[in-house]
*Asks:* 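Okay, here's the structure, questions in a sec.
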Amino acid sequence: QGELVQSGGGLVQAGGSLRLSCAASGLTFSLYAMGWFRQAPGKEREFVAAISRSGGTTNCADSVKGRFTISRDNAKNTVDLQMNSLKSEDTAVYYCAAESTPRFRDAYYYTRAELFGSWGQGTQVTVSS
């Protein structure tokens, strides 16, 4: 499958904002739903947000709803995660992912990591309180 290269992230104070970007290559980007996951030290990887192949629907975890926004640009083969009002509990390594096989039209179904077959290299986000 394709390659996903992430950028963005870093250190920010609580209440601040960061934007993560993910550039895809080697796949027909517009055919695949995309997602963001994160993993904090000592914790399991968890779902953050997903967006359908067309960008028409999105889905966010309850913990980030209203603060994070996922978007995509199918002309540029990119998917972004805008993170506002960051909290210390958002500290984690963030990963973008492309689904392994086109399945659903609605982003609602894309909360499980098993549905995704290509992963970015991971980006550290650290929120200081």
*Asks:* Calculate, to the nearest 0.5 Å, the distance between atoms CG and OG belonging to Asp106 and Ser52 respectively.
*Replies:* 7.0 Å

*Asks:* For the residue pair Thr126 and Thr91, confirm or rule out a side-chain donor-acceptor distance under 3.5 Å.
*Replies:* no

*Asks:* With the 4.5 Å side-chain cut-off for hydrophobic clustering, are Tyr108 and Tyr110 part of the same group?
*Replies:* yes

*Asks:* Are Arg53 and Phe104 close enough that some pair of their side-chain heavy atoms sits under 4.5 Å apart?
*Replies:* no

*Asks:* Is there side-chain contact between Ser71 and Arg19, with heavy atoms separated by less than 4.5 Å?
*Replies:* yes

*Asks:* Compute whether any side-chain donor of one residue and acceptor of the other, for Tyr95 and Gln39, lie under 3.5 angstrom apart.
*Replies:* no

*Asks:* Shortest non-hydrogen contact from Val64 to Val48?
*Replies:* CG2-O, 3.6 Å

*Asks:* State, with a plain yes or no, whether a side-chain heavy atom of Trp36 is found less than 4.5 Å away from one of Leu20.
*Replies:* yes

*Asks:* Got a second to check how far Arg67's CZ is from Cys60's SG, nearest 0.5 Å?
*Replies:* 10.0 Å

*Asks:* Do Arg103 and Leu115 have side chains that get closer than 4.5 Å, going by heavy atoms?
*Replies:* yes

*Asks:* With the side chain counted from C-beta on, respond yes when Ser118 and Glu3 share a heavy-atom pair under 4.5 Å apart, and no when they do not.
*Replies:* no

*Asks:* Return the NZ to CD distance between Lys43 and Glu89, rounded to the nearest 0.5 Å.
*Replies:* 8.5 Å

*Asks:* Using atom types as modelled and distance alone, determine if a side-chain donor or acceptor of Glu99 lies under 3.5 Å from a backbone N or O of Ala33.
*Replies:* yes

*Asks:* How many angstroms lie between CD1 in Ile51 and CG in Asn74, if you round to the nearest 0.5 Å?
*Replies:* 8.0 Å

*Asks:* Could you state whether Val93 and Leu81 fall into the same hydrophobic cluster, counting links through intermediate Ile, Leu, Val, Met, Phe, Trp or Tyr residues with side-chain heavy atoms under 4.5 angstrom apart?
*Replies:* no

*Asks:* With no hydrogens and no angle check, is any side-chain donor or acceptor of Ser54 less than 3.5 Å from a backbone partner on Gly56?
*Replies:* yes

*Asks:* Nearest 0.5 Å, what's the CG-OH distance between Asn59 and Tyr109?
*Replies:* 11.0 Å

*Asks:* Output, in order, the C-alpha distance, side-chain angles, deciding distance and verdict of side-chain contact (heavy atoms from CB on, under 4.5 Å) for Val127 and Gln13.
*Replies:* CA-CA 5 Å; Val127 184; Gln13 287 188 333; over 6 Å; no

*Asks:* Is it the case that over 12 heavy atoms from other parts of the model lie below 6.0 angstrom from the NZ atom of Lys65?
*Replies:* yes

*Asks:* Given side chains that start at C-beta, do those of Leu86 and Phe68 come closer than 4.5 Å, heavy atoms only?
*Replies:* yes

*Asks:* Indicate whether the side chain of Asp80 and that of Ser21 have a donor and an acceptor atom separated by less than 3.5 Å.
*Replies:* yes

*Asks:* Decide whether Val125 and Ile70 are clustered together by the hydrophobic rule: side chain heavy atoms of Ile, Leu, Val, Met, Phe, Trp, Tyr closer than 4.5 Å, transitively.
*Replies:* yes

*Asks:* Kindly give the heavy-atom pair with the smallest separation between Ser100 and Tyr32, and that separation in Å.
*Replies:* O-CE2, 3.9 Å

*Asks:* Just checking, is any N or O donor in the side chain of Arg38 or Tyr94 under 3.5 Å from an acceptor N or O on the other one?
*Replies:* yes

*Asks:* Does any non-hydrogen side-chain atom of Phe37 lie less than 4.5 Å from one of Glu46?
*Replies:* no

*Asks:* Looking at Lys87 and Asp90, is there a salt bridge between them, counting it only when a charged N and a carboxylate O are closer than 4.0 Å?
*Replies:* no

*Asks:* Will you find, in the side chains of Thr123 and Gln6, an N or O donor that is under 3.5 Å from an N or O acceptor?
*Replies:* yes

*Asks:* Over all heavy atoms of both residues, which pair between Ala24 and Phe29 is shortest? Give the atoms and the distance, please.
*Replies:* CB-CD1, 3.5 Å

*Asks:* Find out whether Leu4 and Met34 are in side-chain contact, i.e. whether some heavy atom of one side chain is under 4.5 Å from a heavy atom of the other.
*Replies:* yes

*Asks:* Between the side chains of Asn84 and Ser17, does any donor sit under 3.5 Å from an acceptor?
*Replies:* yes

*Asks:* Which heavy-atom pair separates Thr57 from Ala107 by the least distance, and what is that distance?
*Replies:* OG1-N, 2.8 Å

